[in-house]
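Following this message is one structure expressed as structure tokens.
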Amino acid sequence: MKYKIEQSLSDSKARAGTFSTGHGKINTPAFMPVGTLGSVKGINTRELKRDINSQILLSNTYHLYLRPGIDVIYRAGGLHEFINWDRPILTDSGGYQVFSLSENRKLTEEGAYFRSHIDGSSHMFTPENVVDIQRAIGADIIMAFDECTPYPCDYEYAAKSLDLTHQWLDRCVKRFNSTEPRYDYEQCMFPIVQGSVYDDLRRRSSEYVSEVASSGIAIGGLSVGEPTTLMYEMTDIVTDILPKAKPRYLMGVGTPVNILESIDIGVDMFDCVIPTRNGRNGMLFTKEGIINIKNEKWKDDFSPIEENGESYVDTYYSKAFLRHLTVSKEMLAGQIATHHNLSFYVWLVREARNRILQGNFKSWKERMCSKLNLRL
RNA sequence: GGGGAGGUACCAAAGUGGCCAACUGGGGCAGACUGUAAAUCUGCUGGCGUAUGCCUUCGUAGGUUCGAAUCCUGCCCUCCCCA
């Protein structure tokens, strides 16, 4: 796996690069749609590839392990075959579920003991078996097993948790290096920086993680409820320390503005459920601002969803029709919104890349950000 | 013609003397959502007001009572069964 920086700027930490994986190259900055269960909700892989032109998608170790089960995915020939997707896949390790399903799990030094949210059965996730599972899933990018700390999180806990995450990282690396891919392509693993919202912990983690031989590095534990300014601050601190020659993946981020601001401080990869989930709940992101399509004001607005949008659905359907579908809870509403939002997100990072390559990212970002938070 | 049931807010439907401006659904309006237990969740929904509050509401007109959506009387309307 190799990362090549094609352009960096003098007035910004933003970079444009390419990252090679077992299923081809990814241009960065890149956005990864979230397909937790092996499916990006509301859209199929054919459209995701041909219409949205997503370069990569994200899936989840914990969820796929519980259902359909890793044996099924292995017998299918790996997740790519199973879901019919021939581009890169990144799998989250289940570290986020340590946070989001905290009521159903117990942490020990050995690993995380989960009670299945589906059937209540008990499962132990360790750094070792989480690597093994991701090997079997066939992820191009495997994530190290970490603890995503909540916010707020007191210093003492954050420090202790960080030590655990680092120990787990060492075990993940050891396991990863002592195992082979299960399929005929290369896999790589990203370690994860933690440290909650504490400068010194973030620095310590960045330095620790930078020492690990890896193809890329993730920044985790952010966008969990902390003020956005803190998220940027922490990210800024981290990207100053991480090696320049590796892609940086800011996990779980974010809104269009979050993404542009984070690109500006040196982040290369993103994933977030916002375009899909918020889309299903009626929120549309456009170049002119945010639309809540459920609002009464769109009732008789027969203009296109987005006049100069990036997706065919934008001019194929009107706001009034999409509002009607959304209010009526028609399945098609979520599908259209998902299609639109993912197209927008993919366009946003692709355009950011173009601007970086052209050298005028900063001014473009400023202009975009002033619009992207507007409520239409 | 005889017998029976019932009329509650936008709709449906609880409530049968004070805890009722009135349960609960639906509908309507608004908001939330950041490595997805989410096509989910939250708030508001008679009027005025930031609010303790005030005003007008449970078919309709009266009455009983300190007090009525709830009890009594007249009237109007709806539905069911029998002829």
Side-chain angles (χ1 to χ4, degrees), chain A residues 31-43 56-64 66-67 89-105 114-120 130 134 139 141-151 165 190 192-194 218-228 230-232 235 249-259 261-262 267 269-283 285 290 292-299 323 325-339 341 345 375:
Chain A
F31 178 78
M32 306 182 275
V34 178
T36 305
L37 306 177
S39 160
V40 177
K41 295 184 198 298
I43 194 157
I56 171 171
L57 68 78
L58 179 148
S59 198
N60 186 283
T61 302
Y62 172 83
H63 293 280
L64 292 176
L66 289 182
R67 196 164 56 192
I89 293 175
L90 178 150
T91 44
D92 182 34
S93 61
Y96 187 71
Q97 280 63 47
V98 171
F99 157 73
S100 67
L101 300 177
S102 60
E103 285 176 18
N104 290 346
R105 57 80 177 159
F114 277 93
R115 215 171 50 243
S116 163
H117 65 280
I118 298 169
D119 63 6
V130 161
Q134 293 180 89
I141 303 173
I142 288 172
M143 297 307 300
F145 195 42
D146 67 332
E147 179 186 5
C148 176
T149 49
Y151 180 85
T165 286
F190 284 16
I192 302 171
V193 173
Q194 287 289 344
I219 305 165
L222 294 173
S223 66
V224 289
E226 77 285 1
T228 310
L230 266 181
M231 177 173 92
Y232 296 146
T235 304
Y249 160 34
L250 181 56
M251 306 184 80
V253 173
T255 65
V257 169
N258 290 162
I259 287 176
E261 295 293 358
S262 300
V267 175
M269 297 167 66
F270 302 89
D271 79 283
C272 192
V273 303
I274 282 180
T276 46
R277 181 193 288 168
N278 290 29
R280 290 194 306 280
N281 294 332
M283 184 181 276
F285 298 92
I290 296 168
N292 181 345
I293 200 65
K294 288 192 279 197
N295 287 171
E296 190 173 26
K297 60 184 151 194
W298 310 116
K299 191 173 184 175
R323 175 181 192 272
L325 293 177
T326 307
V327 166
S328 306
K329 298 179 166 59
E330 277 292 311
M331 283 198 298
L332 184 58
Q335 295 170 348
I336 293 171
T338 299
H339 206 119
N341 279 348
Y345 265 66
R375 299 293 178 129

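Naming convention: chains lettered A, B, ... in sequence-line order (proteins, then strands); numbering from 1 in each chain. Because only heavy atoms are used, hydrogens play no part in the values below, and waters and symmetry mates are left out as well, while side chains stay in.
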Worksheet item: Which pair of non-hydrogen atoms, one from A:Val98 and one from A:Arg105, has the smallest distance, and what is that distance?
Response: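 In this case the closest contact between A:Val98 and A:Arg105 is O-NE, 2.7 Å.
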Discussion item. Between B:rG4 and B:rG74, how many Å separate the two P atoms, rounded to a whole number?
Written reply: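 One P to the other, the span is 15 Å.
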Fill in: Between B:rU64 and B:rU70 - P atom distance, rounded Å
15 Å
Pairs under 3.5 angstrom, nitrogen or oxygen only, protein versus nucleotides 42-45 of chain B, please.
none

Practice prompt. Using the P atom as the reference point in each nucleotide, state the distance between B:rA61 and B:rC44 in Å, no decimals.
Written response: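 To the nearest whole Å, 33 Å.
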Worksheet item: Taking CZ from A:Arg323 and P from B:rG27, how many angstroms apart are they, rounded to a whole number?
Response: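 From A:Arg323 CZ to B:rG27 P: 13 Å.
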Worksheet item: What integer number of Å spans the C1' atoms of B:rU78 and B:rC48?
Response: 36 Å
Worksheet entry | Interatomic distance, A:Ile290 CD1 vs B:rG31 P [rounded to whole Å] | 11 Å
Item to complete: Look only at the side chain of A:Asp92 and the backbone of A:Gln97, and say whether a donor-acceptor pair between them is shorter than 3.5 Å.
Response: no
Practice prompt. With P as the reference atom in both, quote the distance from B:rG47 to B:rA22 in angstrom, rounded to an integer.
Written response: 13 Å
Worksheet item: Do the side chain of A:Arg280 and the main chain of A:Thr338 share a donor and acceptor less than 3.5 angstrom apart?
Response: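 Such a contact is absent between A:Arg280 side chain and A:Thr338 backbone.
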Practice prompt. Please determine, by modelled atom types, if A:Tyr96 and A:Asp146 share a side-chain donor-acceptor pair under 3.5 angstrom.
Written response: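 There is no such pair (donor and acceptor under 3.5 Å, judged by atom type) between the side chains of A:Tyr96 and A:Asp146.
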Fill in: Residue pair A:Ile192, A:Met143: steps toward the side-chain contact (heavy atoms from CB on, under 4.5 Å) verdict
CA-CA 8 Å; A:Ile192 302 171; A:Met143 297 307 300; 3.6 Å; yes
Residues 269-276 of chain A, side-chain donor-acceptor partners within the protein, below 3.5 Å, at least two apart:
unit_1   : atom_1 : unit_2   : atom_2 : d
A:Asp271 : OD1    : A:Tyr249 : OH     : 2.6
A:Asp271 : OD1    : A:Gly252 : N      : 2.8
A:Thr276 : OG1    : A:Val273 : O      : 3.0

Practice prompt. Could you check how far CZ of A:Phe285 sits from C1' of B:rA32, rounded to whole Å?
Written response: 12 Å
Worksheet item: Between B:rG15 and B:rU24, how far is it from one C1' atom to the other, in whole Å?
Response: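 Comparing C1' positions in B:rG15 and B:rU24 gives a spacing of 11 Å.
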Worksheet item: Regarding A:Thr91 and A:Gln134, is there a side-chain donor-to-acceptor distance under 3.5 Å anywhere?
Response: yes
Item to complete: Assign the ring pair A:Tyr345 / A:Phe285 to parallel, tilted or perpendicular, where the plane angle (0 to 90°) is split at 30° and 60°.
Response: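 Because their plane-to-plane angle is over 60°, the rings of A:Tyr345 and A:Phe285 count as perpendicular.
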Discussion item. Say we look at B:rU8 and B:rC58: how far apart would their C1' atoms be, to the nearest angstrom?
Written reply: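 So the two C1' atoms sit 4 Å from each other.
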Worksheet item: Roughly, in whole Å, what's the span from CD in A:Glu296 to C1' in B:rG27?
Response: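 The distance from CD of A:Glu296 to C1' of B:rG27 comes to 13 Å, rounded to the nearest Å.
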Fill in: A:Thr149 (side chain) donor-acceptor with A:Gly221 (main chain) under 3.5 angstrom
no
Worksheet entry | Nearest-angstrom distance from the residue atom CG of A:Asn295 to P of B:rC29 | 9 Å
Practice prompt. Any chance you could list the contact pattern along nucleotides 33-39 of chain B? Use B for base contacts, S for sugar-phosphate-only contacts and - for none, protein heavy atoms under 4.0 Å, 5' to 3'.
Written response: BBBBBBB
